[in-house]
Amino acid sequence: MDRIAQYLLAGLISIVALSQFVQVVTRYFLQVPVMGLEESILYPTLWLYILGAVNASREDTHIRANVLEIFLKTRRQHTILAIVGELVSLVVGLWLLYWAWDFTSYAWRVWKESPTLYIPTFYSDVALMIGIILMMIYTVVHLSRHVRKLSVGSQK
């Protein structure tokens, strides 16, 4: 899974960077803008953003401001704080998933197309729901790991 995520994210960032390079060269040096390039860059950019958040969730490397950790002394207290944090993330994520489902069903129903290239915008809209689903799966995995750690620690 790590390898697939690395290649996918590297491929998406390469596409976005190359497209931006082409846009700068054609627009500012050659004075011939490529019609629809910004529109087509939207799709890999949005997927890159969402899958980058999923990758941070998978690696458990989201930025946190755990000020309480300074005041907690034992590993057990740190584990309990991590469990509370994961539970809050799960509740907020499930609430966001509800809204993402509503948005995705709307996008499916209206089936909008981009203005220049007529690419269905559903392909970018669905990224949000897929990303939140994957983040919730990783949140449950991290939560179960912390609960297991707490139960093993209490048996000693």
Side-chain angles (χ1 to χ4, degrees), residues 1-23 33-69 72 76-154:
M1 187 62 142
D2 291 342
R3 181 81 71 198
I4 293 170
Q6 286 175 347
Y7 287 136
L8 183 60
L9 290 172
L12 285 171
I13 201 163
S14 297
I15 290 169
V16 170
L18 182 64
S19 300
Q20 289 296 335
F21 175 75
V22 167
Q23 180 71 0
V34 178
M35 293 299 292
L37 190 57
E38 296 102 353
E39 193 175 289
S40 63
I41 292 174
L42 168 74
Y43 296 88
T45 302
L46 191 67
W47 277 98
L48 177 66
Y49 180 75
I50 297 295
L51 292 178
V54 169
N55 189 53
S57 183
R58 181 181 59 82
E59 293 175 347
D60 201 19
T61 56
H62 278 289
I63 297 172
R64 292 187 173 99
N66 287 337
V67 178
L68 290 176
E69 285 184 352
L72 301 178
R76 178 178 168 77
Q77 291 172 333
H78 283 264
T79 304
I80 291 171
L81 179 63
I83 289 171
V84 170
E86 297 294 347
L87 285 172
V88 169
S89 295
L90 193 60
V91 168
V92 170
L94 290 173
W95 176 64
L96 290 173
L97 183 59
Y98 169 78
W99 288 103
W101 169 254
D102 194 37
F103 175 68
T104 303
S105 62
Y106 165 78
W108 178 264
R109 192 173 57 250
V110 298
W111 200 259
K112 295 185 303 184
E113 294 177 337
S114 63
T116 305
L117 300 175
Y118 303 110
I119 303 170
T121 59
F122 178 78
Y123 299 130
S124 64
D125 296 340
V126 75
L128 182 63
M129 192 180 82
I130 291 172
I132 292 175
I133 288 170
L134 291 172
M135 284 186 265
M136 290 302 91
I137 290 170
Y138 289 123
T139 301
V140 168
V141 168
H142 296 309
L143 176 64
S144 65
R145 186 181 60 206
H146 292 308
V147 169
R148 239 185 347 267
K149 186 195 292 186
L150 185 64
S151 67
V152 168
S154 66

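Since the structure is predicted, the reported quantities are computational estimates derived from the model, not experimental observations. We count residues from 1, following the sequence as given.
Remark: the backbone N or O of Val140 is paired with a side-chain donor or acceptor of Ser144 at under 3.5 angstrom. A donor-acceptor pair under 3.5 Å is absent between the side-chain atoms of His146 and the main chain of Ile80, judged by distance alone.
For the atom pair Ser57 OG and Ile132 CD1, the distance stands at 11.0 Å (nearest 0.5 Å). Note: Leu8 CG to Leu48 CG = 9.0 Å, rounded to the nearest 0.5 Å. Taking CG from Asn55 and CG from Asp2, the interatomic distance works out to 8.0 Å, rounded to the nearest 0.5 Å. In this structure, OG1 on Thr79 lies 4.5 Å from NZ on Lys149, to the nearest 0.5 angstrom. Within the model, atoms OG1 of Thr104 and CD1 of Ile133 stand 8.0 Å from one another, a figure rounded to the nearest 0.5 Å.
For residues 34-53, the side chain to side chain donor-acceptor pair (under 3.5 Å) pairs, not counting sequence neighbours, are Gln23-Glu38, Arg27-Glu38, Glu39-Ser114, Glu39-Thr116. Judged as a salt bridge (charged side-chain N to carboxylate O under 4.0 Å, His left out), the pairs with a partner in residues 81-101 (not counting sequence neighbours) are, in order, Arg64-Glu86. Applying the salt bridge (charged side-chain N to carboxylate O under 4.0 Å, His left out) definition to pairs two or more places apart or across chains, none involves residues 45-55.
At least one side-chain heavy atom of Asp102 sits less than 4.5 Å from a side-chain heavy atom of Ser105.
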Side-chain donor/acceptor pairs under 3.5 Å, residues 119-131, sequence neighbours excluded:
| unit_1 | atom_1 | unit_2 | atom_2 | d |
| --- | --- | --- | --- | --- |
| Thr121 | OG1 | Lys112 | O | 3.3 |
| Ser124 | OG | Thr121 | O | 2.9 |

Return all side-chain donor-acceptor pairs below 3.5 angstrom for residues 87-99, not counting sequence neighbours, or 'none' if the list is empty.
| unit_1 | atom_1 | unit_2 | atom_2 | d |
| --- | --- | --- | --- | --- |
| Ser89 | OG | Gly85 | O | 3.0 |

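At most 12 non-hydrogen atoms from other residues, nucleotides or ligands lie less than 6.0 angstrom from CD1 of Ile13.
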| field | Trace of the side-chain contact (heavy atoms from CB on, under 4.5 Å) decision for Gln77 with Leu81 | value | CA-CA 6 Å; Gln77 291 172 333; Leu81 179 63; over 6 Å; no
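Listed by chain and number, the residues in a side-chain hydrogen bond (donor to acceptor under 3.5 Å, both in side chains) with His142 are Arg145 (sequence neighbours excluded). Under the rule for a salt bridge (charged side-chain N to carboxylate O under 4.0 Å, His left out), Arg148 has no partner lying at least two apart in sequence or in another chain.
Contact record, Leu9 with Gly52: CD2-N, 3.8 Å, taken as the closest heavy-atom pair.
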